[in-house]
Amino acid sequence: MSTQLKVYCQNIGEYIPVEGGMTLSEIYRTVASRIGFTPICARVNNKTEDLNFPVFAPKMVEFLPVSSPSGQRCYTRSLCMMLYKAVTDLYPGARLVMEHSVSRGYYCRITGDSVPSPADAAPALCARMREYVVRAIPFERKERLTSDVIRIFEGQGLIDKVKLLRTTHFLYTVYYRLDGICDSYYGCLAPSTGILQVFNLIPYEDGYLLLGPDPADPSKPVVPVAQPKLYRAFTQYTKFNAVMGIRNAGDVNAVVEAGKTKMMINVAEALHTKYIGAIADNITARFNRGEARIVLIAGPSSSGKTTFTKRLAVQLLTNLVKPVMISLDNYFVDRHLTPRDEDGDYDYESLYSLNLPLFNDHLNRLVRGEEVELPTYNFETGTSSFKGDKIRLDSRSVLLIEGIHGLNPELTASVPDKMKYRIYVSALTTLSIDDHNWMSTTDNRLLRRIIRDYKYRGTPPLETIRRWPSVQRGEKKWIFPFQENADSMFNSSLLFEVGVMKEEAENVLKTVPHDVPEYAQAYRLRSILSCFAPISDKVIPPTSLLREFLGGSSFHY
């Protein structure tokens, strides 16, 4: 006997009567004509769930379209499982590895004796996936004892997932079944393959690029953009991961259980030192030819730009080059001249919030060996002034400039290219959770920022999460379009960092209240963190880039 209850639907702002046990899909059908879109998932009490979720008690429900951030993630996860199903159907025994996002898509590899070249396999896989869309096969959510799920995954050859489950020690595990094959994801999937109408799979470099809908026109797959430098930066680290034998969370957890974290940390930190030294050598070689007097360092939020710049300065000094640093912040125009964003607020992330003519004049004069008086910007009054702060570059000096606009040609339009060396810094995460779930660069940076903001800026995680979409919009407009202008790319991610951040991040994220929309993001991040064993930060050196966020750095910030 069912029980009638009421659910508050945020989409229409009303309570609606439902029968106990009804799924979200069934509830949606009762209000579909009033919502105006087909949902892919829903938020239940500020936690994202799939549409097969049954309701047995009063809830607050918001149905989410594909265009929402949660909807986009759900769509992508569902595409991945549909691709895995196609791989198992066409090439039994083959292994699908989803590695990272690049070129507006998701890069993956498919290996196995029966797998043809990507040029031949991609069309066949794409055609098989389209057959699944026509059939509208349901994604069935299951939950069983982890020991049972391990046996299922062993039978399918998903050894990476088996290792992860054995090192996380959960009693029960949620997984999905699609037409006879099983897989696990750290977030909900679509109700069926029928909703995945828009996608593409194309050959890309040594593998494939899985493409979802274009946000600008969701009726078409996104068109990839060329990012060879970014791809090489990712590949450089995935090869290092392979040599280390640490490709995913299960591998890291096994290292922790074996008591070998110190070696993992030492090698990962040594790799950073090696790459920073190589960049310093490249700058020095050009500097000694009378070029590269200005080094521009750019990257998105929480990429570790500040510590990278300080460590680069140390390496340059060992090459007998004297680094001199200036801050872009001091070149802000007076507040009343600052551009406004779409909400009418001052847009300090805009390139045009800077006094570009003055900045370029100073750069050219410094390169010529002249003395300049630097401006000082007062953030309280919103005014710029000169206070006698003068600098000059001597014959062995190089200028280091850190800022989000460093790779934008317009920032230094009047400076000859040969006098500039551009560096892009980001946490290009190459450590996966398992073969079908990758740790996104964005999530890695957000975790860093949540910890740093809470510890050193007094900002609660709720506010950091709330601001994050605005930060991402600024990055997409002012940073990402210029990534490929870099002379060098530096990957600031570290194999061990999620484990080190785990306990502190979990504790901070638990302070996000359940009655706010940001709880969904906090809960999702906690789900990701649950896959990693905790690692003590006691053996992390004081020069580590991670110290910028955790504290204990030997550098002054």
Side-chain angles (χ1 to χ4, degrees), residues 99-100 146 159-170 186 234 236-276 302-304 307-308 311 427-435 437-441 443-452 455 490-509 525-555:
E99 291 196 354
H100 51 75
T146 297
I159 305 305
D160 58 301
K161 293 179 182 287
V162 171
K163 177 181 277 191
L164 178 61
L165 293 179
R166 283 179 173 159
T167 57
T168 49
H169 307 292
F170 294 129
Y186 296 89
F234 271 117
Q236 188 178 42
Y237 265 70
T238 53
K239 289 179 179 178
F240 167 72
N241 294 357
V243 170
M244 287 286 292
I246 303 173
R247 299 179 177 87
N248 52 50
D251 292 334
V252 172
N253 296 347
V255 169
V256 174
E257 290 190 353
K260 297 179 180 179
T261 55
K262 187 176 292 186
M263 175 58 74
M264 174 175 64
I265 290 170
N266 288 342
V267 174
E269 291 288 353
L271 186 70
H272 268 190
T273 299
K274 177 181 178 180
Y275 286 159
I276 294 171
S302 303
S303 58
T307 304
F308 169 83
R311 288 182 62 174
L428 305 174
T429 316
T430 56
L431 186 72
S432 299
I433 296 174
D434 58 40
D435 279 358
N437 294 270
W438 62 95
M439 180 77 189
S440 81
T441 293
D443 286 342
N444 198 348
R445 291 190 294 108
L446 177 54
L447 286 169
R448 287 178 172 186
R449 179 159 174 157
I450 285 170
I451 292 174
R452 183 197 64 191
K455 292 184 72 170
F490 178 75
N491 186 350
S492 70
S493 70
L494 290 155
L495 280 175
F496 56 83
E497 70 173 277
V498 180
V500 173
M501 291 191 292
K502 175 186 170 71
E503 291 187 337
E504 189 160 5
E506 284 180 332
N507 290 334
V508 172
L509 287 167
L525 292 173
R526 286 165 54 194
S527 297
I528 293 171
L529 290 167
S530 71
C531 299
F532 292 83
I535 299 174
S536 171
D537 70 344
K538 292 181 180 178
V539 294
I540 298 174
T543 55
S544 173
L545 271 88
L546 203 54
R547 290 290 181 193
E548 182 175 330
F549 310 97
L550 296 175
S553 177
S554 58
F555 294 112

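Rounded to the nearest 0.5 angstrom, T543 OG1 and F555 CZ are separated by 6.0 Å. Distance check, rounded to the nearest 0.5 Å: NZ of K538 to NZ of K262 gives 11.5 Å. With values rounded to the nearest 0.5 angstrom, M263 atom CE is found 8.0 Å from M244 atom CE. Interatomic distance, CG of L495 versus OG1 of T261, reported as 12.5 Å (0.5 Å rounding). The distance from the NZ atom of K161 to the CG atom of N248 is 10.0 Å, given to the nearest 0.5 Å. Atom CG of residue L509 and atom CD of residue E504 lie 10.5 Å apart, to the nearest 0.5 angstrom.
A donor-acceptor contact shorter than 3.5 Å links the side chain of K502 to the backbone of L529. Panel note: side chain N253, backbone C531; a donor-acceptor pair is recorded below 3.5 Å. No donor-acceptor distance shorter than 3.5 angstrom exists from the side chain of Y237 to the backbone of L428, with no hydrogens or angles considered. For S432 (side chain) and D435 (main-chain N/O), no donor-acceptor pair under 3.5 Å exists by modelled atom type. A distance-only check finds no donor-acceptor pair linking the side chain of K455 to the backbone of G551 [under 3.5 Å]. In this structure, S553 contributes its side chain and R547 its backbone to no donor-acceptor pair below 3.5 Å. Checking side-chain atoms of S527 against main-chain N and O of Y186 turns up no donor-acceptor pair under 3.5 Å.
Nearest heavy atom pair, residue A249 against residue L164, reads CB-CD1, 3.8 Å. Contact between F490 and L545 at its shortest, heavy atoms only, is CE2-CD2, 4.0 Å. Scanning both residues, T167 and A254, for their nearest heavy atoms gives CG2-N, 4.3 Å. Closest of all the heavy-atom pairs between I451 and A505 is CD1-CB, 4.0 Å. L165 approaches T168 most closely through the heavy-atom pair O-OG1, 3.4 Å. Contact record, F496 with A268: CE2-CB, 3.9 Å, taken as the closest heavy-atom pair.
Side-chain contact check for H169 versus T146: every heavy-atom pair is 4.5 Å or farther apart. Using a 4.5 Å cut-off on side-chain heavy atoms (C-beta onward), V252 and I535 make contact. With a 4.5 Å cut-off on side-chain heavy atoms, I450 and L525 count as touching. The side-chain heavy atoms of T273 and R311, taken from C-beta on, include a pair separated by under 4.5 Å. At least one side-chain heavy atom of I276 sits under 4.5 Å from a side-chain heavy atom of F308. Put simply, the side chain of F549 does not reach to within 4.5 Å of the side chain of L447, judged on heavy atoms.
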Quiz item: Could you go step by step and tell me if L431 and F532 meet the side-chain contact (heavy atoms from CB on, under 4.5 Å) rule?
Solution: CA-CA 11 Å; L431 186 72; F532 292 83; 3.7 Å; yes
Practice problem: Run the numbers on V498 and M439 for side-chain contact (heavy atoms from CB on, under 4.5 Å), then give the verdict. | Solution: CA-CA 10 Å; V498 180; M439 180 77 189; 4.0 Å; yes
Practice problem: Could you give me the CA-CA distance, side-chain angles and deciding distance for R448 and E497, then say whether salt bridge (charged side-chain N to carboxylate O under 4.0 Å, His left out) is met? | Solution: CA-CA 9 Å; R448 287 178 172 186; E497 70 173 277; 2.9 Å; yes
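In the model, T429 has no side-chain atom that pairs as donor or acceptor with a side-chain atom of R445 under 3.5 Å.
The aromatic rings of F234 and H100 lie parallel to each other, with less than 30° between the two planes, well short of the 60° mark.
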